[in-house]
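In what follows, a single structure is set out as structure tokens and then discussed.
Keep in mind it's a predicted model, so treat the numbers as computed, not measured.
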Amino acid sequence: QKEVEQNSGPLSVPEGAIASLNCTYSDRVSQSFFWYRQYSGKSPELIMSIYSNGDKEDGRFTAQLNKASQYVSLLIRDSQPSDSATYLCAVKRGQFYFGTGTSLTVIP
Amino acid sequence: DGGITQSPKYLFRKEGQNVTLSCEQNLNHDAMYWYRQDPGQGLRLIYYSQIVNDFQKGDIAEGYSVSREKKESFPLTVTSAQKNPTAFYLCASSRAGGGDEQFFGPGTRLTVL
């Protein structure tokens with residue numbers, strides 16, 4: 001079983017819609033969770049971190065964490081074409097463990 | 001500006017050659033990491049270091065070597081023993097605490113000719 005699993009997509013949403021990205025992790029002791037955005041040919045950029053159950057909002061981004069279900073998600077409201085990228089979920093337990101990423105395309 | 005720098009941006013290597021990729025950070029972070037990313041795939045951990053003069057193997061350390069003589073620097077050598085070294089190499093750093101975020105450098109794209 002992989003440490004972190006994501007649906008690879010691709011996920012396509014129209015401009016202005018809500019994009020929902022999901023991630024599950026295997027180890028219950030994991031405490032720190034992160035979402036990165038990676039544009040094609042570029043390095044990952046940290047967009048959200050979340051440590052406690054519940055929601056954390058930052059602008060158009062909301063991260064949701066459910067430790068009982070071992071599930072973390074990222075919602076992008078009012079999606080823009082510039083949000084088109086691969087989104088990586090990461091979990092820290094000593095070292096960092098990354099999912100393979102979900103490719104998102106926002107259609108103008 | 002604080003950040004992580006990697007050089008070179010692009011690197012071409014002939015088979016049988018060793019090459020060294022540079023990574024420097026001025027964020028005062030204790031921990032540094034090297035990842036490899038292949039097209040359409042996730043990040044795979046090569047080596048990481050939590051403190052100076054100490055480092056640990058990641059999932060795919062074979063054919064690679066590192067050193068950590070200074071807090072700011074964590075160079076990666078890709079040796080001729082690495083069978084398929086063509087990839088995008090990413091250096092990252094974080095504070096060593098439990099919840100601390102990890103930040104990435106711009107990456108080095110290595111191509112073996």
Side-chain angles (χ1 to χ4, degrees), chain A residues 1-10 21 23-27 29-53 56 58 61 63 65 67 72 74 85-105, chain B residues 2-7 9-10 21 23 25 27 29-51 54-61 66 74 87-111:
Chain A
Q1 184 182 8
K2 291 183 179 179
E3 294 277 352
V4 180
E5 301 214 44
Q6 296 180 253
N7 186 331
S8 63
L21 305 164
C23 172
T24 58
Y25 59 95
S26 61
D27 197 317
V29 302
S30 299
Q31 294 294 319
S32 308
F33 307 87
F34 308 92
W35 282 99
Y36 289 83
R37 177 176 62 200
Q38 186 175 25
Y39 293 114
S40 181
K42 302 296 185 183
S43 64
E45 171 193 9
L46 180 67
I47 54 173
M48 290 286 285
S49 57
I50 186 166
Y51 307 104
S52 304
N53 274 330
K56 179 182 178 182
D58 184 0
F61 298 97
L65 175 61
K67 290 186 177 181
V72 57
L74 179 70
T86 296
Y87 289 80
L88 302 173
C89 173
V91 169
K92 187 176 182 183
R93 191 184 74 254
Q95 66 182 68
F96 289 80
Y97 297 90
F98 287 83
T100 54
T102 298
S103 175
L104 172 66
T105 300
Chain B
I4 305 170
T5 58
Q6 291 186 242
S7 63
K9 186 174 181 180
Y10 298 98
L21 282 57
C23 178
Q25 54 95 4
L27 300 169
H29 285 170
D30 295 299
M32 297 187 73
Y33 309 79
W34 275 106
Y35 295 91
R36 167 180 173 147
Q37 188 174 39
D38 294 282
Q41 297 194 29
L43 302 175
R44 291 187 288 171
L45 182 64
I46 304 172
Y47 270 99
Y48 65 104
S49 168
Q50 304 274 32
I51 57 172
D54 187 41
F55 47 83
Q56 288 76 41
K57 293 182 179 180
D59 300 322
I60 56 164
V66 294
F74 191 41
F88 189 37
Y89 289 87
L90 290 158
C91 178
S93 71
S94 72
R95 290 198 297 262
D100 288 310
E101 299 160 336
Q102 184 177 76
F103 299 92
F104 285 86
T108 292
R109 195 167 298 278
L110 172 64
T111 302

Inset, instruction - Taking the side chain as every heavy atom from C-beta outward, state whether B:Leu43 and A:Pro44 have any atom pair closer than 4.5 Å. - result: yes
Inset, instruction - Compare all side-chain heavy atoms of A:Ser43 with those of B:Gln6 and state whether any distance is below 4.5 angstrom. - result: no
Inset, instruction - Kindly write out the residues that satisfy side-chain contact (heavy atoms from CB on, under 4.5 Å) with A:Ser30, not counting sequence neighbours, or none if the list is empty. - result: A:Tyr25, A:Asp27, A:Phe33, A:Val91, A:Arg93
Inset, instruction - Measure distances from B:Arg44 to the heavy atoms of chain A and classify the residue's part below 4.5 Å as side chain, backbone, both or neither. - result: neither
Inset, instruction - Applying side-chain contact (heavy atoms from CB on, under 4.5 Å), name anything that partners A:Leu46, two or more places apart in sequence or on another chain. - result: A:Phe34, A:Tyr36, B:Glu101, B:Phe103
Inset, instruction - Locate the shortest heavy-atom distance separating A:Lys92 from B:Ser94; write the atom from each residue and the value. - result: NZ-OG, 4.2 Å
Inset, instruction - To the nearest 0.5 Å, tell me how far B:Asp59 CG sits from A:Glu3 CD. - result: 9.0 Å
Inset, instruction - For A:Gln95 and B:Tyr48, work out which heavy atoms get closest and say how close. - result: OE1-CE2, 3.7 Å
Legend entry - A:Gln38 and B:Gln37, any side-chain heavy atoms less than 4.5 Å apart: yes
Legend entry - Distance in Å, A:Ser32 OG paired with B:Asp100 CG, rounded so as to fall on 0.5 Å steps: 8.0 Å
Inset, instruction - Please report the C-alpha distance between A:Phe96 and B:Tyr35 in whole Å, then the side-chain angles of each, then the deciding distance to 0.1 Å, and finally whether the ring-ring contact (aromatic ring centres under 6.0 Å, His included) criterion is met. - result: CA-CA 11 Å; A:Phe96 289 80; B:Tyr35 295 91; 7.8 Å; no
